[in-house]
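Order of the sequence lines fixes the chain letters, A, B, ..., with proteins taken first and strands second; residue numbering starts at 1 for each chain. All values below come from the heavy atoms of this structure, side chains included, with hydrogens, waters and symmetry mates left out.
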Protein chains: 2
Amino acid sequence: MTENATETVEVWEPWELVLTGAEVGNPFLDVDLRARLELGERVVEVGGFADGASRHLVRAVFDEPGGWTYRTTSNVAALDGIEGSVEVVAGERPGPVRVDGFHFRTADGARYRPVGTTAYAWIHQSDDLRAQTLETLASTPFTKLRMTVFPKWYPYNEQEPPRHAFPVAADGGWDLQRFDVSFFRALDDRVAELAALGVQADVILLHPYDRWGYARLDPLTEERYLRYVIRRLAAWPHVWWSLANGFDLMPGKTDADWERIAAIVAEEDPWGHLTSIHHCLRFYDQSRPWITHVSAQRIDRYRTAENVDAWREQWGKPVVVDECGYEGDIEHGWGNLTAQELVRRAWEGAVRGGYVGHGETYRSPDEVLWWSKGGRLRGDSAPRLAFLDEIVGSAPGGAIDPLPSEWDLPVGGVAGTFLLAYFGGGRSSFRTFVLPEGTWRAEVIDTWNMTVTAVPGEHAGSVRVDLPAREFMAVRLTAVGGAADGRAREATDSAGA
Amino acid sequence: MTENATETVEVWEPWELVLTGAEVGNPFLDVDLRARLELGERVVEVGGFADGASRHLVRAVFDEPGGWTYRTTSNVAALDGIEGSVEVVAGERPGPVRVDGFHFRTADGARYRPVGTTAYAWIHQSDDLRAQTLETLASTPFTKLRMTVFPKWYPYNEQEPPRHAFPVAADGGWDLQRFDVSFFRALDDRVAELAALGVQADVILLHPYDRWGYARLDPLTEERYLRYVIRRLAAWPHVWWSLANGFDLMPGKTDADWERIAAIVAEEDPWGHLTSIHHCLRFYDQSRPWITHVSAQRIDRYRTAENVDAWREQWGKPVVVDECGYEGDIEHGWGNLTAQELVRRAWEGAVRGGYVGHGETYRSPDEVLWWSKGGRLRGDSAPRLAFLDEIVGSAPGGAIDPLPSEWDLPVGGVAGTFLLAYFGGGRSSFRTFVLPEGTWRAEVIDTWNMTVTAVPGEHAGSVRVDLPAREFMAVRLTAVGGAADGRAREATDSAGA
């Protein structure tokens, strides 16, 4: 029994217990290691994992200040009964993102809005390319990144990754009894890099685009992998679990398999990270209690973001349209949208109370497409998505819900104080708005050119708003003196061209 | 009993029997007049109508050459037993449009494709404006015009028409026991003007946009009106019946009423003109046998023309999307489309084997909007709709049906010989087509700029087609030596920019 010195960490700061020196046959198979964390009556149980032949780790994070204690249990004597204490102090860390009705907040209560993008296989690229990806993320509005643990084999993704999750066995196949620790340490590093940028890591645990066998692991290996990766990553507050990208394309998996997988994830994650499951052709039953939010893909070539309000009603959960089609020019219909069209979809989803994500698939001689490999963005949608986020953020409470709308003009907002009407592809030259009670200010928003132009005066009863007869316009109506008023004006000033 | 001299008319040339001098109390109520037309074993029964106090007409048209005879029956002696003969000779008239599977042909067997537009109330406008409308129709590709019998009261349509269908009674209301013949003679003239232009008259018998009472006629008056207008117009081969515009907005009418109305129309129309019923919020049951083709309105702000193939399958009839939204800039979502969007919808419908119509609603200081009043077009869609019609017309047989397609690229055509793939809002930089058996030529079609560019060479197996990464592109694939080959090349030459 070893006693470590008391450490000090902040609330929501990842903490790691390193236990070295216990030599066992196969540390990945032969060691059971758990830790029990306690603060007064509170108990948190967490699993440990091998990080090398004689190196074992327990990772945890604390949601409450105080003098936490820990004690390990293990089938290996050298790892059993390790005790210690951790002084957890209040800090400024926002903590994990939690569901807040149809929206999100971080654990500290601050509003969080997903402005997501996708670079599935970015962690499997060269150092230079990954550095570019991080630079891009640092200079763009994205607050969430979808990424796979396993490498991707797919058009524009036909190369070997630098590392694999399993070592090679004597017969040339994978040694599925062990993990290649360097693969998972690299994953740790990538996740840490996103944490440093304040970008949520939407970690896709399984996906079908594979030629190495990751999509067809036998159930026992798959379970070991899941427990391993969850134990490694769960102490990071900014990690989300996406059970799969395209769950319904995974060979041989039934819904019962996904339920089993979801149970494993929940069992290994004491902190309740956001959890979703992404589909290709059919939604998984999004009413399942382990699904915290809907992670939607395009369900129709013409109409997807426009379903956000219906999906909210259907499942009573936040709707994140992670894959509505990507800005780009490749041959596939999922990756040949104009920036205008992607931004239009994002607005259609936003005024219905949802969050539509980004991806970019411009052809490039080097086959580096952001959607999968990361790198640099070449398109025009990202600044417009930032602008949209700013406009939504100007609502009181920083989030909007769908409000009663006429058939041809969806309106989102906060009833009584803040209305955001989006015209999409319609290009009217004017519109008359019947106003709720009170006095209102109106602004014309050009969602493409990112300008906000005030309509003169204050208005009661109704207001006729002249529009430039262009596509992609919106109108923001703000109750004078309402909670939204100050914030709306502030946003206007900064967003004005 | 009077015997008229033998007249000579061509097959499908409207013929009229004029009977004057029979003075009765109320010629609209007190006279029953019918004629029996015979050719050998064939008998056609047709109703007559009053065209003034002492003027009665029987109108007919003959679908077969030969020595036809007629004989009237009437409750008024002076109109009863009138006999005569009509020498019907072969001519060049195409005759009425008939359903041909999911498409149309005129009675002479020639392909007819609806390139429709809408000017609902054009007949109720000034002489000058109507002359403009006819000039516009003469110089645009439209082969069908939707028009109401009754005047329209609606935004941008807030004026009195020059004539009404009923005379004013002593109490200042309508005298519903009589018709104002000048109103219906003007209707005759307008229908004749369209015939002269070769434009099908899609005559809307009832509509809800009314302040004079036409939408709320009592059932007996309504029935008298229907019998009267059908008897007046049915001899024109180019007339179609649209029972209603927005049947479900008509006050107080049940489906049983519409069935009754449809039966009246069929009873008075011996020639089986095309008959449809247009909706606002819900389709009428389009499987009803009296409905010859689906006349569809936008059923969703985002996705309507894309349903054409499903509707064809559902009802087994041609689908004409008469109202998919209009090019314009008014405040309403049904009238604020860009030309690009309307043309996109037309292509989406076309490659699914349907026909999407046009309308235009640009704001104008004089409130003359083409969609209702006619006049001049200001938009950009009409030439593109002509181009689309030309491309569809280049298919063997002059019509295309939906063919098996990938999810992101609808393909219409004639299996084995002619394929037309439409990219819509997707703007890929290339696409590889797997070709059916045989050797094929490929052309890139820019549906907006109206150009056709040949891909060099002839291809078998597959062909990779480079595209300009712009929206609104199509690819035409033509089997070399197939039936379509010569026509396709011809169309290419004429359509090339």
Side-chain angles (χ1 to χ4, degrees), chain A residues 155 280-281 298-307 325-342 344-345 348 361-364 378-379 405-410 421-433 464-473 475, chain B residues 155 280-281 298-307 325-342 344-345 348 361-364 378-379 405-410 421-433 464-473 475:
Chain A
C280 178
L281 300 173
R298 174 203 69 255
I299 53 110
D300 177 89
R301 190 173 158 222
Y302 306 93
R303 193 187 203 291
T304 290
E306 295 79 5
N307 300 334
Y326 302 131
E327 180 185 351
D329 64 359
I330 59 171
E331 69 273 38
H332 306 292
W334 50 261
N336 68 0
L337 303 187
T338 61
Q340 285 86 345
E341 174 62 9
L342 179 56
R344 185 191 71 76
R345 295 181 186 191
E348 297 284 3
T361 47
Y362 282 105
R363 272 171 81 199
S364 175
R378 300 165 52 201
S405 305
E406 294 181 75
W407 72 271
D408 58 349
L409 186 61
Y422 180 58
F423 289 83
R427 51 86 181 257
S428 292
S429 52
F430 75 98
R431 182 88 175 193
T432 300
F433 292 86
R464 178 190 154 115
V465 177
D466 284 314
L467 297 164
R470 286 197 302 272
E471 294 175 288
F472 313 131
M473 305 302 295
V475 167
Chain B
C280 178
L281 301 172
R298 173 202 71 254
I299 52 111
D300 178 89
R301 191 174 156 220
Y302 305 94
R303 192 187 203 291
T304 290
E306 295 79 5
N307 300 334
Y326 301 131
E327 180 185 351
D329 64 359
I330 59 171
E331 69 273 38
H332 306 292
W334 51 261
N336 68 359
L337 304 186
T338 61
Q340 285 87 344
E341 175 63 9
L342 179 56
R344 185 190 71 75
R345 294 181 186 192
E348 297 284 4
T361 47
Y362 282 105
R363 272 172 80 200
S364 174
R378 300 165 52 199
S405 305
E406 294 181 75
W407 72 271
D408 58 349
L409 186 61
Y422 180 58
F423 289 83
R427 51 86 182 256
S428 291
S429 52
F430 74 98
R431 182 88 175 194
T432 300
F433 292 86
R464 178 190 154 115
V465 177
D466 284 314
L467 296 164
R470 286 198 301 272
E471 294 174 289
F472 313 132
M473 305 302 294
V475 167

Apply side-chain contact (heavy atoms from CB on, under 4.5 Å) to residues A/Arg298 and B/Trp407 and explain how you reach the verdict.
CA-CA 12 Å; A/Arg298 174 203 69 255; B/Trp407 72 271; 3.3 Å; yes

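Proximity to chain A (any heavy atom under 4.5 Å) is shown, for B/Arg427, by both the backbone and the side chain. Interface residue B/Glu306: only side-chain heavy atoms are found under 4.5 Å from chain A. Looking at B/Glu406, neither its backbone nor its side chain comes within 4.5 Å of chain A, counting heavy atoms on both sides.
The shortest non-hydrogen separation linking A/Asp408 to B/His332 is OD2-C, 3.6 Å.
For the set B/Gly328, B/Gly335, B/Ala469, B/Gly425, the entry with the most heavy-atom pairs within less than 4.5 Å of chain A is B/Gly328. Interface summary for chain A: among B/Thr338, B/Leu337, B/Ile330, the most heavy-atom pairs under 4.5 angstrom belong to B/Thr338. Among the candidates B/Glu341, B/Glu471, B/Arg363, the residue making the largest number of heavy-atom pairs closer than 4.5 Å to chain A is B/Arg363.
Atom CD of B/Glu331 sits about 7.0 Å away from atom OG of A/Ser428, to the nearest 0.5 Å. Here the CG atom belonging to A/Leu467 is positioned 10.5 Å from the CG atom belonging to B/Asp329, to the nearest 0.5 angstrom. Between atom OH of residue A/Tyr302 and atom CG of residue B/Asn307 there is a gap of 10.0 Å, rounded to the nearest 0.5 Å.
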